[in-house]
Number of protein chains: 2
Amino acid sequence: MTGTLTAMHTRTRSYHHGDLRAALLTRAEETLREKGPTALSLRELARDLGVSHAAPSRHFKDKQALLDALARVGFERLRETLEASQEDTGEAFAERLEAMFRAYVGFALDNPALLELMYALKHAPEASAELVEATRRWSELLERVIDEGQRRGEVRKGELERVGVPIFAALHGYAELAATGHLPPEVHEHGLDEVIAFTLRGCAPDGA
Amino acid sequence: MTGTLTAMHTRTRSYHHGDLRAALLTRAEETLREKGPTALSLRELARDLGVSHAAPSRHFKDKQALLDALARVGFERLRETLEASQEDTGEAFAERLEAMFRAYVGFALDNPALLELMYALKHAPEASAELVEATRRWSELLERVIDEGQRRGEVRKGELERVGVPIFAALHGYAELAATGHLPPEVHEHGLDEVIAFTLRGCAPDGA
DNA sequence: ATCGAATGTAGGCGTTGCCAACAATGCTGT
DNA sequence: ACAGCATTGTTGGCAACGCCTACATTCGAT
């Protein structure tokens, strides 16, 4: 009986997987991308990775816990993407803002299901706190850009949080609408350009 | 046996329910609001309404079909809300826009789970088309306001769709962020005011 | 009044999430 | 080196779920 079992997977995989937790997250993201969050099943995940159906529970107490962790990964990747967007750009506010907008929307279009999961509302309470913190971590990047823009006199004065919220809203709103397919196709061409120009007007200093 | 069954629900409910479809949608919305979309179960819905577990299948071929229908209901209600918001308001663009923004955000805060469902991406393909159509139906209201604003010279010129997209984005983005709890608490007080002012600046005519 | 369509019921199938009991492995202190 | 313990994985079971098929009741058109 043990013989047939070991024969089943000729893989050089011992009793312990090595890094099942990471493997679960990776595979979960693939499934999420391909078949949506409803289709995501812990047991299927386990089958795909060649472990037993209860193995995932050693790393995520819950299905929701795995989704929460997945959302965290998403925010971390988003932050990296946004950070990278600022590296090869000029110093002008308009340039920095545009780079960040394009990066955010690019991320949304590349990972629509993940984005939906990140901003879903049914996370576990304690994971929710972590996710708000994750949001704060990436929005700091945007706030840094705004703050610098204010210092350069290219952005109207005002508390960082209050100036930032409308920008945040326009950015996230367009990304979400584009990613979920709620924009008519003819918009995709220049829609983002319009949003960027609109945003720049919205936060330009008074006398400009 | 039949005796105990009839005794179980003393309700004056004959073999046929009357309007099970509507009852399912109503109850589903309650459950959605209270326990989230994952917790929504066709069988539990049937139990709540005192019908057999397979009865819902006569009205919705699928669980997804019910969710799709629920999203449609949501869009219809949103449209009514927005339409009503324009009735007791002045003619100035700023006034009309503000009324619509407050109505949309109010709807989002009152029905966060429903809003999430409405803009979710895993709808059935043919329901998806219907939902895009539903989106178009309510966004026409916004476009009407914009068009009137343009005629009054209070909104910059430009194709309706292109001027509308950034406004749509800012509006939906703020509503979603507020509804999903992704805004720091101190923002809720005046955040929407800021977004409205920002939006008005963003679509003001050039020479203003 | 009859017959077909619409609506609801009863039961079964495979899958799922979760739990408890058990097994193999890795680690740590002596 | 190795005993003991925590970690990680396995097996089996349970209740609930979505969906399917077959059957029952009711409604409505003719």
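Naming: A, B, ... by sequence-line order, numbering from 1 per chain. Given the structure is predicted, the values throughout are model-derived calculations rather than measurements.
Nucleotide dG8(C) holds its C1' atom 14 Å from the CG atom of Asp19(B), rounded to whole Å. Between the C1' atom of dT25(D) and the CG atom of Leu20(B) lies a distance of 15 Å, rounded to the nearest Å. In this structure, Leu49(A) places its CG atom 15 Å from C1' of dT8(D), rounding to the nearest Å. Whole-Å rounding puts the Arg47(B) CZ to dA15(D) P distance at 14 Å. If you measure from atom CZ of Phe60(B) to atom P of dG8(C), you get 11 Å, rounded to the nearest angstrom.
For the salt bridge (charged side-chain N to carboxylate O under 4.0 Å, His left out) condition, the pairs that include at least one residue of residues 99-115 of chain A, sequence neighbours left out, are Glu98(A)-Arg102(A), Arg102(A)-Asp193(A).
Side-chain atoms of Ser128(A) and His123(A) include no donor-acceptor pair closer than 3.5 Å. In the model, His172(B) has a side-chain atom that pairs as donor or acceptor with a side-chain atom of Tyr104(B) under 3.5 Å.
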Detail all sub-3.5 Å separations between protein N/O atoms and N/O atoms belonging to nucleotides 18-21 of chain D.
| unit_1 | atom_1 | unit_2 | atom_2 | d |
| --- | --- | --- | --- | --- |
| dG18(D) | OP1 | Leu42(B) | N | 3.1 |
| dG18(D) | OP1 | Lys63(B) | NZ | 3.3 |
| dG18(D) | OP2 | Leu42(B) | N | 3.1 |
| dG18(D) | OP2 | Arg43(B) | N | 3.2 |
| dG18(D) | N7 | Arg43(B) | NH1 | 2.4 |
| dG18(D) | O6 | Arg43(B) | NH1 | 2.8 |
| dC19(D) | OP1 | Asp62(B) | OD1 | 3.0 |
| dC19(D) | OP2 | Lys63(B) | N | 3.0 |
| dC19(D) | N4 | Arg43(B) | NH1 | 2.8 |

Inset, instruction - Decide salt bridge (Lys or Arg N to Asp or Glu O under 4.0 Å) for Glu133(B) and Arg137(B); before the verdict, give the C-alpha distance in whole Å, the side-chain angles of both, and the deciding distance to 0.1 Å. - result: CA-CA 6 Å; Glu133(B) 168 65 17; Arg137(B) 236 177 354 251; 3.6 Å; yes
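For the pair Arg79(B) and Glu76(B), the salt-bridge criterion is met [side-chain N within less than 4.0 Å of a carboxylate O]. We find that Arg72(A) and Glu130(A) are joined by a salt bridge, their nearest charged nitrogen and carboxylate oxygen being less than 4.0 Å apart.
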